[in-house]
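Right, one structure below, let's go through it.
Order of appearance sets the numbers: ligands from 1, and atoms from 1 within every ligand.
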Amino acid sequence: MSIDIKETIKRMTLEEKAGLCSGMNYWQTKPVERLGIPSVMMADGPHGLRKQEEDPDHIAMSGSVPATCYPTASALACSWDRDLVEEVGRSLGGECRAQNIHIVLGPGANIKRSPLCGRNFEYFSEDPLLSSELASAHVRGVQSQGVGSSLKHFAANNQEFKRQLTDSQVDERTLREIYLASFEGVVRNEQPWTVMCAYNKLNGSYCSESHRLLTEILRDEWGFEGFVVSDWGAVNERVEGIRAGLELEMPSCNGDRDNLIVKAVQSGELDEKILDKVVERLLSVIEKAFRCEGEAPLFDADKNHDFARKAAAQCMVLLKNEDDLLPLEKQKSLAIIGGFADCPRYQGGGSSHVNPARLDNPVEEIRKIAETKGIAVDYSEGYPVDVLNERYSARKFESVSDVPDQNMIDEACRSAAKAEAAIIFTGLPEPYESEGFDRRHISIPAGHEKLIEAVAAVQPNTVVILSNGSPIEMPWLSRVKSVVEGYLGGQAFGGAAADILFGVVNPSGKLAETYPMRVQDNPSYLYFPGDGESVKYQEGLFVGYRHYDSIDIAPLFPFGYGLSYTRFSFDAIEADRERISDEEEVNVTVTVTNRGEREGTETVQLYVRCPDYPVQKPFQELKGFGKITLKPGESGRVVITLGKRAFAYFDEKIGDWRAPAGSYELAAGSSSRDIHGTCRITLIPSRVEKIIYTRNSSISEIYMSEVGKSYLDGMSEELQKQRGMTPDRLISFFKDMPLRSLQVLAGELINEEKLTELLNRLNG
Ligand code: BGC
């Protein structure tokens, strides 16, 4: 199908144009049959399809068609694997086509500002590069299937508390370098068909009516070609939204706000040309949605389930493994403990809730492998589990696992004491984190903690497997030998956990966020979530490891951390050039060797440091990463390319990125706290910027220029003679003063006329 867009717009009535700017119902756009404009259907994602056929809503109260439930973004991010995430996107895109869905709502590229955000399980990382790279891979995968993505929630939607009203107050540099950077790469490189604007305000304007955000930044600067859709119900003033660049209001407004658009055009308040542009953008995506030729693929639930298992295993992070307890090879009997082993927690609550086509039972999956090895498996519940039914009305909201059940704990201990190892499945019950509300603390239920302590006291070989969407505190960590972070691993979490436990898969996941010792250590702690009217991002650039590493606070587990059943060494780190300009790139090669006995995969992380940076900057920032799989004894190379952005900051004065001259350290590591080697490069900007000196330029700035230096040296000699001050003393005394203050301090040496003459020479 193809639409002659210009011609169609000419033939559309004003009412038809306005009508196209809002949904027909909960998920579809309005068709205009007389002109052959079809209706586009959207559905939630992004870790699985949520296509609702009846009773539509956005908090998954009613059911949806069975679909593959993949690990959520917080889990996927731990793979640090662009290819894997792209494949998840492809598989999701395929299911969308099979279900006649044209646009899938996701992925979410919001930054994890605080571990308390209830929706962190849907977001990738605290780091904008990692988040943007993985969101890009997701979009690439989905869109390769002829299905559009909707990159969300644009922008600075980093909490659930009063998300529809609160004003995120973020300074420009932080916005550009952290919060927008996570979206920018995705838009520039992948052109998602749509971007979903967030509910909240950003620096005083609702995102749904911010011209700066939706037009100046998104389109004019980043070149976005698709349309912007409102988050469901995010529209405030519709006509303002049209002017700002918000094309589609979702869900349906029952024609109400379409009328406002019509009236605004009729009264001259809104130029029809602006509306035409909006319609043009809508039509170009609608056209694309129906351009996809060929048979839609069939939904192969089993094949996708196998892939979901592979994906989940790639995402698991081995946090601790004392005495190499894992993989389980020697033990002949296992006590599997915890309600999550029988009734797993594998996805988050809210609009992304998927009705899984299959669902692994972890105990059964463990039994299947154990049987082949002659290992006996006993299961005990350990704590009661909140009952989760697919129909929301039947879901329990209060958590029954808050209160320890001593009988269950005693039974679990008896089972653990008899076995050769205990595996405890624990984490956060669904009511502890969800879209729609934030967490108040980062503890797991008291009942779970007590169970871990009690079991570990009777069984030295205790393994903990965690299911949670975001970080938790672990006061029990020293009592157990092994910990596997499974995050929310999707429908095949159970099988993947079994694969990791028995070493069918060697763990290679790395944390995509810092686990703090205490929630209070998080940089946003004092400013999160604001008073409901506004939330000030006062920690600025110092989000996640940028904070912990800059002020050297020990985290529980650092950003990028994760163990393996093998060991790697980083043997060399080399840059292919010593000097670059800001228009060139440098290739950094890191050689890695597998020094253990099993095949394994390592993620090389490249951080850039510059202690002498001219403006405040975190101690180090991730600027590249790559994965490598190596057989025992094998070496291989990971090459990471860095360009201007890796060295730049957003300079508000010029409204652009600037990479300052300087010497930069490139640090390669297996986490932000485990750096194995460094090398240096020097950056020389291609253009020397002309500095304009004024009466208020500082003495030290002036001293940097040749003219200024010779003038000031002369003056300082004179002052030394007159006042007997040492040169050091003089420098530290005067360096931060404005030029004009020299008149006050050394009036006899410089008067107004001489000062103007000096400025003329400096600027000449
Ligand atoms: C969520 C979006 C979601 C939409 C539709 C909103 O409440 O914030 O992420 O795509 O509902 O369900």
Q: Kindly indicate whether the side chain of His153, heavy atoms from C-beta on, has any atom under 4.5 Å from the side chain of Arg119.
A: yes
Closer than 4.0 Å to some heavy atom of [X] - which atoms of ligand 1 meet that?
X      : answer
Lys152 : 2 (C), 3 (C), 9 (O), 10 (O)
Leu105 : 10 (O)
Arg50  : 12 (O)
Arg119 : 1 (C), 2 (C), 8 (O), 9 (O)
Glu435 : 1 (C), 6 (C), 7 (O), 8 (O)
Ser351 : 1 (C), 2 (C), 3 (C), 9 (O), 12 (O)
Arg163 : 7 (O), 8 (O)

Q | Within the 6.0 Å centroid threshold, strictly below: Phe307 and Tyr70 | A | yes
Please determine whether any non-hydrogen atom of [X] lies less than 4.0 Å from an atom of ligand 1.
X      : result
Met196 : yes
Gln52  : no
Trp27  : yes

**Q.** Residue pairs passing the ring pair (Phe, Tyr, Trp, His ring centres under 6.0 Å) test where at least one lies in residues 77-100, sequence neighbours excluded
**A.** Trp80-Phe559, Trp80-Phe625
Q: Please determine if Arg113 forms a cation-pi arrangement with Phe528, meaning its NZ or CZ atom is less than 6.0 Å from the six-membered ring centre and no more than 45° off the ring axis.
A: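 That pair does not qualify as a cation-pi contact.
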(Q) Can you confirm whether more than 12 heavy atoms, excluding those of Leu298, are under 6.0 Å from its CG atom? (A)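 Atom CG in Leu298 is not packed in, count stays at 12 or less.
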(Q) Which residue in the set Thr68, Asp360, Asp300 passes side chain to side chain donor-acceptor pair (under 3.5 Å) when paired with His305? (A) Asp360
Q) Do the rings of Tyr432 and His441 sit parallel, tilted or perpendicular, given the 30° and 60° boundaries? A) perpendicular
Q: List in chain and number order the residues that pass side chain to side chain contact (heavy atoms under 4.5 Å, CB included) with Ala301, two or more places apart in sequence or in another chain; answer none if no residue qualifies.
A: Phe299, Ala357, Arg358
**Q.** Shortest reach to atom 4 (C) of ligand 1 by a heavy atom, considering only Val229, Val104, Asp231
**A.**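 The option holding the nearest heavy atom is Asp231.
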